[in-house]
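First comes the structure, then the notes that go with it.
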Amino acid sequence: MSSLRDYWSKRQFRKEGFSGGDSVVLRSALHLSRNLQDIPFPERLGPMERKEISEKIMARMRRTSAFRRSLCWKLDTLVEEERMALQEWGHISVLDTASYDGSHLLLVDDGSASVWLCGNHHICWNLFWEGLCLERLWKQVSRWESSFTNLKYAFSPVFGYLASDLGEWGSGLCISVTLHIPAIMESGCYDEVVGALQPLGLKWCSEYRFVSLEFVPVVKIFYDRSSKTLPKEALIVLREAILLIAAKERDVRNQLLEKQKLKIWDRVSRAWGTLFSCQLLPASEALYCLSSLRLGVDIGWCPEKLRAIIDHHARHLLRGTLWLWAETENFQSEQEDAERARYIKQFVTVENCPIFS
Amino acid sequence: MGELRKCHLCGGPAQLRLVRTGYEAIMHMDICADCLQPYDLSTADDFVKLFELSPASGSIFTENCSCCGMIWREVLNVGHVGCGRCLEELSSLQPMLERCRKSSHGAGELSREMATQSRDYIFNLTISGETSWDYDMLSLLKSQLKRAVYREQFEAAAILRDRIRQLEQKNP
C-alpha cells in the first residue's frame, strides 16, 4: 500500500489543468449510502466486525471495472492530516477517531470516486466531477449499486433505505453542486436567490465552512439524505435550479461590469498582487484571492488557462492537502501559511498577470 | 356506552387511564384504585415502575431484536436503530415511526404519473440568458406546488403558494 502522499503527488500530475470550464458551476458531487440487511449497522459493530465487513465490500467493489485500478487505505492507520486531506476532497466525513476503526477507503486512481464504510452506513459511494453532470453521476452509482446482486439492502417500503440514524432514512442520496457566485454576493441579491431555493427543499452552505460566504463566494447547493425528495426528482429540480442561478449570476455580472468596472478591476488586480508577492498566506485570504482571480478570468482580464489552474489548486490550499505537498512533518500555523504562499507562487506567475481592457 | 376497561394489573374494573408519551409513542395503561394505591404518581420513578409492571407495556419494553440485540427502550433513548431487522422485530416501532414521518414517500422509483410530470416539466422549462429569473423561478415553483399537493405535503405547498404569490405581485 503506497502512502497517501505518494498517491497525491501522482494524481496531481495526472489531473493538472483539468477543469469543467464553466464560469459559475465548479463541480457536482453525489454520495449514495446503503446498509446491508441482516447485519447490524456500523455503529453497533466492533472494530473487528467492521473490518471484516469493510474488507468484503472493498473486495467486491474491486471487481467492478471502475475500481479495478484503485487504492485502499485503512482509515485508522492514517495520521490526522491525511484524514483531513480526505475530508477536504469530500471522500470521508468528519467522525470521531474511534468511528474510523476497521474502516477502509477505496479510492480510484484519478480521485473522482471512492467507497468506504462510514459511521452510519455499510457502503457509502462518493462521486465527483467538474461541471454540472448529475445524471451521469447517478447512472454510474446506480450501476455500482446494482452490482451487489446477491446482497439485500436494509429497506422498508414505507421508509425507504434504512440507517441507524432515523433522520437519514429515505433515498440514501445526497447530491450537491458547487457554484462560484461573486456577482450575486457583491450585488446583495443573495437573499432573493436562497429565498427561492427554500420552497424547493434545497439547502445551501459555504463550500469552505471556516470562512463566510461574503468573503469567499463559493456556495454548495444540495439535497441531503434527510430530504424526502425522490432521487430522480431531486436530480431534475437541482439541475434546473442550478441553471437558473447560473443564468442569474451571469446577468448580474454583466450589470456589475457596467456599473462598477473599476471596483472589480481593483479587486482582481489586488488579488493577483497579493498572491504574486505574499510570504505568509492564510487559507481564507488565499481562497478570497483565488475567487477574485477567477472572476478576472471570467471577465476576460486574466488568461483562460488560469481557470483550470485555480479550479484544480483551490482545494489543495487547505491544511490537510497542503501537508501532503509540504516536505515537512512539523506543520505549525506560521509554517502552514509560509508553505501555502510557496505553493501558490508555482502558478501565479507574470504570464498570468491581469490585463485591463 | 363505552367499553368497560379492565385493570392491567388485577383484571378488575379500571377507574383510571394513565398515558405515557415519548418520541411520539403514546402508551396507555388502565388501572383500578386499589392497584394504584401503593404508588406515588408525583414521582417519575413510580410512574415508570408502574408501566413496567403492566403486561401490555412490559412486552414493548422487553422486546429485543434478534439480529443486533437492540431493545425498544434503547431506540427511544438513543433515537437510533441497530439494524434493518429492528423494524420487523420491534413490533411497536413501525407504527410509532409512521406517525412521526406521516409520509410513505422518500425512496424508490417515481410513480408513473410523477415521472410524466417531471418529463413535461423539463421539456416546458426553457433556460436561456434572455429569460427573466422571476419568470423561470415562477414556473419551477408552480411545478413544485403541483407535486406537493399531489403528495399531500400541505405545509410545503403553503410555503410554495406564498412564494408564488410574492413573485406574481412583484411582476404582475
Side-chain angles (χ1 to χ4, degrees), chain A residues 35-41 43-45 120 122 152-173 189 192-193 195-201 225-233 235-237 239-248 250-252 254, chain B residues 23 65 67-70 75 78-88 94 97-98 100-101 103-111 114-115 117-119 121-122 125 127-134 136-137 139-141 143-145 147-148 151 153 156-157 159-164 166-167:
Chain A
N35 274 306
L36 302 175
Q37 182 79 351
D38 301 333
I39 299 175
F41 293 146
E43 212 180 56
R44 301 278 295 178
L45 296 171
N120 251 339
H122 290 132
K152 273 180 76 181
Y153 295 120
F155 179 78
S156 150
V158 179
F159 301 109
Y161 291 96
L162 306 175
S164 61
D165 187 347
L166 309 186
E168 297 210 341
W169 288 11
S171 60
L173 179 71
C189 59
E192 181 197 344
V193 173
L197 294 179
Q198 208 164 12
L200 302 174
R225 291 188 190 95
S226 63
S227 76
K228 289 179 185 172
T229 314
L230 295 156
K232 285 182 184 172
E233 190 184 348
L235 290 172
I236 294 163
V237 174
R239 182 177 170 277
E240 300 304 336
I242 294 300
L243 290 173
L244 288 171
I245 296 170
K248 175 80 174 172
R250 289 191 192 102
D251 282 352
V252 179
N254 292 335
Chain B
Y23 286 95
C65 174
C67 175
C68 65
M70 197 90 170
V75 177
V78 185
H80 285 189
V81 291
C83 70
R85 282 213 164 277
C86 285
L87 265 189
E88 298 159 23
Q94 181 144 344
L97 292 172
E98 271 181 45
C100 291
R101 295 273 293 223
S103 167
S104 60
H105 294 285
E109 295 295 301
L110 284 168
S111 70
M114 286 178 72
Q117 278 181 8
S118 303
R119 200 177 53 239
Y121 163 67
I122 296 176
L125 192 73
I127 308 289
S128 75
E130 291 164 13
T131 54
S132 102
W133 159 261
D134 287 346
D136 288 341
M137 192 43 81
S139 59
L140 188 61
L141 289 171
S143 158
Q144 285 295 302
L145 177 62
R147 273 181 232 183
R151 288 162 59 164
Q153 294 174 338
I159 299 172
L160 287 162
R161 185 202 57 210
D162 294 345
R163 181 74 191 149
I164 289 167
Q166 266 179 16
L167 285 177

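In what follows, every chain begins at residue 1, and chains take the letters A, B, ... in the order their sequences are listed.
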(request) Apply side chain to side chain contact (heavy atoms under 4.5 Å, CB included) to the pair Glu168(A) and His80(B), showing each step before the final yes or no. (result) CA-CA 10 Å; Glu168(A) 297 210 341; His80(B) 285 189; over 6 Å; no
(request) For Val81(B) and Leu162(A), run side chain to side chain contact (heavy atoms under 4.5 Å, CB included): C-alpha distance rounded to whole Å, both residues' side-chain angles, the deciding distance at 0.1 Å, then the answer. (result) CA-CA 9 Å; Val81(B) 291; Leu162(A) 306 175; 5.8 Å; no
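If you take CG on Leu200(A) and CG on Leu145(B), they are separated by 11.0 Å, rounding to the nearest 0.5 Å. Within the model, atoms CD of Glu192(A) and CD of Gln166(B) stand 10.5 Å from one another, a figure rounded to the nearest 0.5 Å.
Counting only distance, with no hydrogens or angles, the side chain of Arg44(A) and the backbone of Cys68(B) share a donor-acceptor pair below 3.5 Å.
Not counting sequence neighbours, the partners of Arg85(B) by the salt bridge (Lys or Arg N to Asp or Glu O under 4.0 Å) test are Asp38(A), Glu88(B).
Nearest approach of Leu141(B) to Ala196(A), heavy atoms of both residues: CD2-O, 4.1 Å. Cys83(B) approaches Pro40(A) most closely through the heavy-atom pair CB-CA, 3.7 Å.
When heavy atoms are compared at a cutoff of 4.5 Å, Ala163(A) approaches chain B solely by way of its backbone atoms N, CA, C and O.
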